[in-house]
Each structure stands twice: as structure tokens, then as C-alpha cells.
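Report on one structure; see the data block that follows.
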Amino acid sequence: MRKVTVATVSYSYDSVKAGKSAGWRACLTDVMEDEFKKEEGDNMTKPEWTKPTATIRQTKKEKEPALGGTLASVFLLGFFIIFAWVSVYLLFLHRL
Amino acid sequence: MHIHKYEKIWLTFGIGCLVVFLTVVGVSAFAAGQQPPSCLTTIDPEKVDTTPPFNQPGLVKKGNNEYELNIVVAAFSFTPNTIEIPKGAKVTINVTSKDVIHGFQIPGTNINMMVEPGYVNSLTTTFDEPGEYTILCNEYCGAGHHMMTARIKVVE
């Protein structure tokens, strides 16, 4: 593990670089920053963006369509049909 | 398969209505005997005048308060043209046509038949209300169609 020592405080280079010790990193001196940059330039491969090949699982729940208006329309039409049907049937029974 | 909550509601509603409608129609038809006018009997339309019971059209008593009314329909008249029926009589109406398709309707009642040449159309009804009823032809049959009427008098 590569370590950088600043005064008496010692902490992981990797964790600082990954931002896990952001609080500490904020406290680093310009000298420390230069040290990092130097090491990064000399020894480390520069990170490159690679397109992920694996399919990202969709964990977001799909939004349900709003069918309130459709339900109201179906019931309006349905009650009209029932009213018409029952009316005609009662008329038929009345005339028997 | 995912079905939306509202879709379940209207599917249940629609299927429920269908079941209720079919049950009512089925019970009416098969338990209560409410059938459409029969047209199972055939007749030679050219020999209507010599084929019983249409060789003597009119009201025939068949039992206690039960009658048979035989009517011959031709352009543009019903024979007989005026019929008297006792109130409360159960009447089986038989009609046939000598020429073209006619209608046989008594407005304000459930009596409504298509009269086809070659067939005897029958319907049984009870006349409970005294008064005069008009028989109409409701199938266009020619130039005199609008004058084609007859009368039924239901008397006490």
C-alpha cells in the first residue's frame, strides 16, 4: 500500500484519492498535492472512461398509467346501457 | 400479467352485466316462455284460400276463454278487417300472407310479427284491457301500404 506521510499524520493514498478522506484531503498542503500529482503522473495509469458492457438492472418501478378518466367513461356508458336495457325490458313486461 | 386496478373493476362490471342480462333473457325465454313469434309452420301461398284454417279466417273458440284468430294478409288488407274479442280472452293469432312480406303490429302491445308468404306466424296473447286496437302493416308492401289497417275490439 502506498502511503504519503505529512507531518505525523499518515493515511492511505488510495482512500484519499477515492475521496473517502475528503475532509483530510481538504487539509492537505500544496506540497502534498504536488506529491500526489507527481506520483499519479509517474506511476499510475490515467483513468479512462469505458462504456459499461453489462446491462444495468432497472430497479426503478414503472409508473402506472392514469386510467381514472377511462374508468369514469366506462361507467357512464355502462350505466346508460343498463338504464336503456332495463327500461325496454320493463316496458316489455308491462305490456305482457 | 399485470392488470391495472381500474381495469379489474370494469372487467368485473362488464362481465357481471353480461351474466345478469343473459340470465334474465334465459329465464324469460325458457322458464317464463316468452318466445318470439313462431314461424315453423309452412303453407303454400297460392293455396291460402283453400288451406285450413285460413279458408275460414276469423275468431274461433277453442276452449274456456281460449280463442284462435286466423287472419289472411294480402295487399292491402287484413281479412277479417274487424274482430271482436271478449276481455280476458287468451288468443292465439295465426297470420299468413298471400303475396309479399307484410307486418302485423298492434301499437302499444308486444304484438309485432313479420308476415311472410309461405309461413304461418303465430303468437299467443291475452287481451285484458277493453277498447279498440289498431292492427298496422309495418313492412312497406306497396302503394297502398299506408292504408293497410284493421281493428280489434275488446269487449266486456
Side-chain angles (χ1 to χ4, degrees), chain A residues 1 12-26 40 44-96, chain B residues 1-37 87-93 104-113 123-131 133-136 138 152 154:
Chain A
M1 177 173 291
S12 158
Y13 175 84
D14 289 338
S15 67
V16 170
K17 188 165 178 284
K20 289 176 184 173
S21 304
W24 283 105
R25 185 164 185 155
E40 283 176 2
M44 297 187 64
T45 54
K46 290 186 178 178
E48 289 178 11
W49 169 251
T50 54
K51 196 175 178 181
T53 53
T55 307
I56 299 169
R57 185 186 292 274
Q58 296 241 349
T59 54
K60 202 170 152 186
K61 195 178 177 184
E62 281 190 24
K63 197 178 173 186
E64 290 217 321
L67 297 178
T70 315
L71 181 74
S73 306
V74 166
F75 273 98
L76 275 176
L77 180 64
F79 285 125
F80 172 75
I81 291 172
I82 289 174
F83 173 75
W85 195 93
V86 170
S87 303
V88 171
Y89 188 67
L90 289 178
L91 184 66
F92 171 77
L93 291 181
H94 178 70
R95 287 176 168 184
L96 276 178
Chain B
M1 184 179 69
H2 173 71
I3 300 178
H4 194 282
K5 182 178 73 179
Y6 288 167
E7 286 178 308
K8 286 179 187 168
I9 292 174
W10 72 59
L11 277 172
T12 308
F13 176 73
I15 294 169
C17 287
L18 188 65
V19 169
V20 170
F21 289 167
L22 289 178
T23 304
V24 170
V25 171
V27 169
S28 299
F30 300 110
Q34 292 160 4
Q35 301 279 337
K87 180 192 165 193
K90 187 180 177 186
V91 182
T92 299
I93 303 170
F104 185 99
Q105 182 183 10
I106 301 178
T109 70
N110 287 336
I111 300 168
N112 189 358
M113 291 186 273
L123 185 149
T124 301
T125 188
T126 304
F127 290 91
D128 289 320
E129 294 290 323
Y133 296 84
T134 304
I135 303 171
L136 294 175
N138 60 11
I152 288 180
V154 178

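Chain identifiers are assigned alphabetically (A, B, ...) following the order of the sequence lines, protein sequences preceding nucleic acid strands; residue numbering begins at 1 within each chain.
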Stepwise side-chain contact (heavy atoms from CB on, under 4.5 Å) check, B/F21 with A/I82: CA-CA 9 Å; B/F21 289 167; A/I82 289 174; 4.1 Å; yes

Working for side-chain contact (heavy atoms from CB on, under 4.5 Å), residues B/S28 and A/Y89: CA-CA 10 Å; B/S28 299; A/Y89 188 67; 2.3 Å; yes

Full working for side-chain contact (heavy atoms from CB on, under 4.5 Å) between B/W10 and A/T70: CA-CA 10 Å; B/W10 72 59; A/T70 315; 3.7 Å; yes

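For B/N110 against A/R95, the heavy-atom pair with the smallest separation is OD1-CB, 3.4 Å.
Only the side chain of B/Q34 comes within contact range of chain A, judged by heavy atoms closer than 4.5 Å. For chain A, the nearby part of B/F13 is the side chain; its heavy atoms alone come within less than 4.5 Å. Looking at B/T125, there are no atoms closer than 4.5 Å to chain A (heavy atoms on both sides), in backbone or side chain. Both the backbone and the side chain of B/V24 come within less than 4.5 Å of a heavy atom in chain A.
Around the CD atom of B/Q35, the shell of radius 6.0 Å holds more than 12 heavy atoms that belong to other residues, nucleotides or ligands.
The residue among A/V86, A/L67, A/V74, A/I81 with the most heavy atom pairs within less than 4.5 Å of chain B is A/L67.
Between the B/H4 side chain and the A/E64 main chain, no donor and acceptor come within less than 3.5 Å of each other.
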